[in-house]
Protein chains: 2
Amino acid sequence: MSDRARTAAHSPTLEDVARAAGVSRATVSRVINGTRNVDPEIQRTVRDAVTATGYVPNRAARALVTRRADTVALVVSGAGADTGPPDADTGPREDGSVHGGEERDGDAGGPLFSDPFFGRIAAGVVEFLRPRGMHPVLMLAESPAARDQVFDYLRRGHADGAVLVSTHAADPLPARLVEAGVPAVLFARPPRPLPVSYVDLAHRDGARLAAEHLLARGCRRVATVNGPLDVLACQERAAGFQDAMARAGSPYFPSVEGNFTLESGERAMAQLLARHPGLDGLFVANDLMAQGALHVLREQGRRVPEDVAVVGFDDSSAARAARPRLTTVRQPVERMAAEMTRLLLEHVEQPDRSPASVIFEPTLVTRHSA
Amino acid sequence: MSDRARTAAHSPTLEDVARAAGVSRATVSRVINGTRNVDPEIQRTVRDAVTATGYVPNRAARALVTRRADTVALVVSGAGADTGPPDADTGPREDGSVHGGEERDGDAGGPLFSDPFFGRIAAGVVEFLRPRGMHPVLMLAESPAARDQVFDYLRRGHADGAVLVSTHAADPLPARLVEAGVPAVLFARPPRPLPVSYVDLAHRDGARLAAEHLLARGCRRVATVNGPLDVLACQERAAGFQDAMARAGSPYFPSVEGNFTLESGERAMAQLLARHPGLDGLFVANDLMAQGALHVLREQGRRVPEDVAVVGFDDSSAARAARPRLTTVRQPVERMAAEMTRLLLEHVEQPDRSPASVIFEPTLVTRHSA
DNA sequence: CAGCTCGGTGGGAGCGCTCCCATACCGGAA
DNA sequence: TTCCGGTATGGGAGCGCTCCCACCGAGCTG
């Protein structure tokens with residue numbers, strides 16, 4: 001240890017502040033948290049002493065006695081116990097709704113984080129926590145071993161709770177946390193009912209927005225590229241689109257399933273075009289696949305949006321990088337992440353609170369592709 | 001507090017393990033960390049007791065006495081105190097070497113994290129830390145207030161040190177941390193000499209690789225799109241390219257400066273093409289601008305790579321999303337981040353260690369654009 | 001064989017904090 | 001005046017851990 005203490009050496013302690021203010025440790029403590037029954041005059045004195053000494057509470061000491069860490073974990077939890085073989089497609093793994101559950105193969109080193117989706121979530125979480133003097137602990141739980149580690153960490157109370165982005169429907173972590181009584185909030189509705197809070201997007205509404213936009217443009221031969229249908233969000237998107245189309249009197253339209261990668265978008269588009277050369281409108285379940293579709297459309301000499309109008313989903317960076325720029329359904333990921341964090345803190349504060357869900361409405365961002 | 005303790009309630013303590021093993025607390029402690037002078041027999045007994053009781057050390061208690069948090073911070077530190085007006089360009093802010101120092105305007109909510117660069121860094125850090133049972137605390141310090149908060153957090157020893165990704169040359173945080181004796185490691189060479197460890201890329205070599213590749217392809221009218229030249233890394237890339245060209249007998253070639261965004265790449269390309277319609281080779285300081293260049297090239301009917309060969313930099317997701325796929329200079333960001341973390345832990349362990357630097361060699365990833 | 005060193009072990013203090021409890025003091029009712 | 005309630009304050013215990021120091025016995029040296 002020797003001079004390890006050097007760094008934080010002689011941080012003033014409660015005792016120091018108490019001495020400076022001429023009161024007891026207990027009183028200073030009361031002023032610092034809660035201010036319960038303390039003479040206003042003394043409160044001022046204490047506060048002055050705090051600033052004078054530059055006192056900052058020692059987290060460890062506080063955590064030791066309160067059994068609270070004053071920290072939350074941001075967990076990105078990967079494939080379930082039954083990890084299937086990763087998708088053969090080795091395309092770019094940018095974009096794609098992380099919350100969905102696409103399984104992209106590993107670039108040897110947490111491909112999950114390379115997902116811009118993750119960045120947006122992190123940003124939302126950090127942004128919310130910071131004014132409260134908190135910072136998230138970043139944890140990755142993509143293997144069973146890692147998951148055990150994360151679970152232990154949480155169960156031992158090293159963090160007060162977890163904001164959980166689960167990328168796979170079979171992920172056992174949410175259930176385990178709930179069972180262990182660890183406060184947690186999920187980024188999407190859990191596939192199986194679980195007494196846990198979550199935030200989600202009204203995927204159906206998003207898809208409806210897309211359908212209506214395409215229809216309003218005058219598209220009459222519409223098709224879709226879905227995401228993997230074992231992902232709840234994708235089912236919802238597909239269903240929402242179907243609904244809207246049916247309501248408009250066109251219950252049938254061709255559709256192909258992709259796996260969220262750009263390459264799968266290219267393949268899907270090629271397939272669609274081969275079978276339905278006359279199509280004039282396309283809804284794609286995420287921006288990255290839409291970008292792929294755009295590539296193929298261009299190769300085959302179709303003008304976008306004149307010949308074929310294309311609407312994506314997510315409003316990720318890919319949407320803005322595509323040419324023409326993608327018209328897309330925007331998910332307010334940052335706000336969703338912030339809300340998720342808010343819910344978590346609420347649960348930490350009041351453990352008996354019943355689970356809540358907050359559903360966000362998507363919006364259509366109109367650019368050039370439709 | 002009431003039933004807050006519920007969660008971690010009755011975690012077995014050292015005392016419990018000691019009782020179970022029939023030894024003293026001190027001996028168990030010795031076995032758990034370091035195993036110094038403990039009878040092998042007893043060691044076994046203790047280890048058995050640990051697994052039997054399911055003991056996990058209480059971080060807070062340990063931190064309280066060791067004055068070590070057993071945690072490191074991953075800090076993304078933004079613009080300096082003298083924040084200039086953000087770049088007028090509001091293009092996508094995806095990609096672009098975060099370590100450089102481009103200033104992208106804020107999307108109200110930590111645009112930094114949306115940078116895939118950040119994701120790769122986080123992945124590298126987490127990957128390295130995890131086997132050691134550690135997890136980084138994520139901190140954003142893009143405003144002076146936030147920076148103060150981060151600084152305080154670190155100085156108080158709430159984390160043992162920081163892995164620092166500074167996005168702006170004028171960022172005062174590195175110097176402050178060094179001065180305060182907080183262990184830190186930077187992602188790039190500090191603009192001003194500072195006794196601090198860092199990892200970096202041999203940018204010159206990367207640019208040389210690009211130049212040689214272009215030359216070997218037979219390109220004779222080469223041009224470049226640089227990044228902002230107030231960024232060290234970009235200076236290096238420009239200089240490296242210049243060197244290689246000069247060595248090949250072509251000391252002069254047109255070049256334009258961009259600001260790392262896709263749009264600026266489009267502008268730069270248009271400008272270059274207008275003035276030098278005959279160019280047949282292009283080196284762009286990052287992939288995103290290269291993607292923009294590709295757009296313009298296509299619009300103007302130039303075939304890539306037949307008419308114009310294009311080489312990017314970074315090997316970001318943009319490189320793989322572009323069509324044709326970008327040939328680019330790869331930065332091993334994940335490995336760099338891991339090394340950065342390794343260095344940090346070394347410094348935490350041995351505070352007197354002198355600063356070290358580790359420079360990584362880039363490699364050329366040949367795809368279709370050149 | 002006394003005196004030592006030294007590897008192995010246990011006891012105790014104390015890290016900085018919160019919280020319980022005792023104490024002191026105030027004013028108003030009996 | 002005495003007694004009581006309530007409010008403001010201080011003292012002390014103890015959270016779970018590490019580390020210092022005392023201890024003890026075995027094996028060595030002089």
Side-chain angles (χ1 to χ4, degrees), chain A residues 1-46 49-50 53-70 156-158, chain B residues 1-46 49-50 53-71 156-158 160:
Chain A
M1 230 44 9
S2 53
D3 48 10
R4 185 72 33 63
R6 168 190 51 88
T7 298
H10 275 179
S11 276
T13 92
L14 255 198
E15 199 72 53
D16 297 328
V17 179
R19 207 174 309 117
V23 297
S24 78
R25 216 173 48 238
T27 300
V28 179
S29 177
R30 274 187 280 262
V31 171
I32 285 170
N33 12 298
T35 315
R36 214 190 39 187
N37 293 346
V38 178
D39 185 291
E41 180 96 12
I42 294 193
Q43 275 185 47
R44 278 214 325 103
T45 318
V46 170
V50 166
T53 52
Y55 172 77
V56 173
N58 178 316
R59 268 181 140 83
R62 181 179 282 175
L64 183 58
V65 39
T66 59
R67 293 165 173 295
R68 284 204 25 193
D70 246 357
R156 292 302 169 193
H158 297 328
Chain B
M1 229 42 17
S2 54
D3 49 11
R4 187 70 35 62
R6 169 190 52 86
T7 297
H10 276 179
S11 276
T13 93
L14 255 198
E15 200 72 53
D16 298 329
V17 179
R19 206 173 313 116
V23 297
S24 78
R25 217 175 47 239
T27 299
V28 178
S29 176
R30 274 187 280 261
V31 171
I32 284 169
N33 13 299
T35 315
R36 214 190 40 186
N37 292 347
V38 177
D39 185 291
E41 179 97 9
I42 295 192
Q43 275 186 47
R44 279 213 325 103
T45 317
V46 169
V50 166
T53 52
Y55 172 77
V56 174
N58 179 315
R59 266 181 142 85
R62 181 180 282 175
L64 182 58
V65 37
T66 60
R67 295 165 171 296
R68 285 202 28 191
D70 246 356
T71 297
R156 292 302 170 194
H158 296 329
D160 298 325

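This structure is a prediction, so every number in the text was calculated from the model and none was measured. Below, chain A is the first sequence line, B the second, and so on; all start at residue 1.
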Asker: Indicate the atoms forming the closest heavy-atom contact of B:Y55 with B:T13, along with that distance.
Answerer: CE1-C, 3.6 Å
Asker: May I have the distance from A:D16 (atom CG) to C:dC15 (atom P), rounded to whole angstrom?
Answerer: 11 Å
Asker: Hey, does B:R62 have a side-chain heavy atom less than 4.5 Å from the side chain of B:I32?
Answerer: yes
Asker: Round to a whole Å and report the spacing from CG of A:L64 to P of D:dA13.
Answerer: 17 Å
Asker: Residues in side-chain contact (heavy atoms from CB on, under 4.5 Å) with A:S24, at least two apart?
Answerer: A:A26, A:T27
Asker: For B:P40 and A:E15, find the nucleotide of DNA chain C closest to each by heavy atoms; which residue's nucleotide sits nearer the 5' end?
Answerer: B:P40
Asker: Please name all residues satisfying side-chain contact (heavy atoms from CB on, under 4.5 Å) with A:A21, sequence neighbours left out, ordered by chain then number.
Answerer: A:V23, A:T45, A:V46, A:A49
Asker: Detail all sub-3.5 Å separations between protein N/O atoms and N/O atoms belonging to nucleotides 10-12 of chain C.
Answerer:
residue, atom, partner, partner atom, Å
C:dG10, OP2, B:S24, N, 3.0
C:dG10, OP2, B:S24, OG, 3.1
C:dG10, OP2, B:T27, OG1, 2.6
C:dG10, N7, B:R30, NH2, 3.0
C:dG12, N7, B:R25, NH2, 3.2
C:dG12, O6, B:R25, NH2, 2.8

Asker: Among D:dG16, C:dG16, D:dT18, find the nucleotide with the atom closest to the side chain of B:R67.
Answerer: C:dG16
Asker: Angle between the end axes of the helix from C:dC1-D:dG30 to C:dA30-D:dT1, five pairs per end, to the nearest 10 degrees?
Answerer: 60°
Asker: Please give, in whole Å, the distance from D:dC17 P to B:R59 CZ?
Answerer: 13 Å
Asker: Can you check whether B:S29 has a side-chain N or O nearer than 4.0 Å to OP1 or OP2 of D:dT18?
Answerer: yes
Asker: Give the minimum heavy-atom separation between B:T53 and B:V50, together with the two atoms involved.
Answerer: OG1-O, 3.1 Å
Asker: Among the nucleotides C:dT18, D:dG16, D:dT18, which one has an atom lying closest to any side-chain atom of A:R62?
Answerer: C:dT18
Asker: Just compare C:dC17, D:dC17, C:dG16 and give me whichever is closest to any side-chain atom of B:V65.
Answerer: D:dC17
Asker: Starting from P on D:dA8, measure out to CD on A:E41 and report it in whole angstrom.
Answerer: 14 Å
Asker: Does A:R59 have any side-chain hydrogen bond (donor to acceptor under 3.5 Å, both in side chains) partners at least two apart in sequence or in another chain, and if so, which?
Answerer: none
Asker: Check side-chain contact (heavy atoms from CB on, under 4.5 Å) between B:R25 and all other residues, then give those that pass, not counting sequence neighbours.
Answerer: B:L14, B:E15
Asker: Please name the pair of heavy atoms, one in B:P12 and one in A:R156, separated by the smallest distance, quoted to 0.1 Å.
Answerer: CD-NH1, 3.9 Å
Asker: Nearest whole Å is fine: how far is D:dT7 P from A:I42 CD1?
Answerer: 16 Å
Asker: What integer distance in Å separates A:R68:CZ from D:dC15:P?
Answerer: 20 Å
Asker: Using whole Å, report how far CZ of A:R19 lies from P of D:dT9.
Answerer: 19 Å
Asker: Using whole Å, report how far CG of B:N58 lies from P of C:dG16.
Answerer: 17 Å
Asker: Only counting residues at least two apart or in another chain, list the ones meeting side-chain contact (heavy atoms from CB on, under 4.5 Å) with B:A63.
Answerer: A:A60
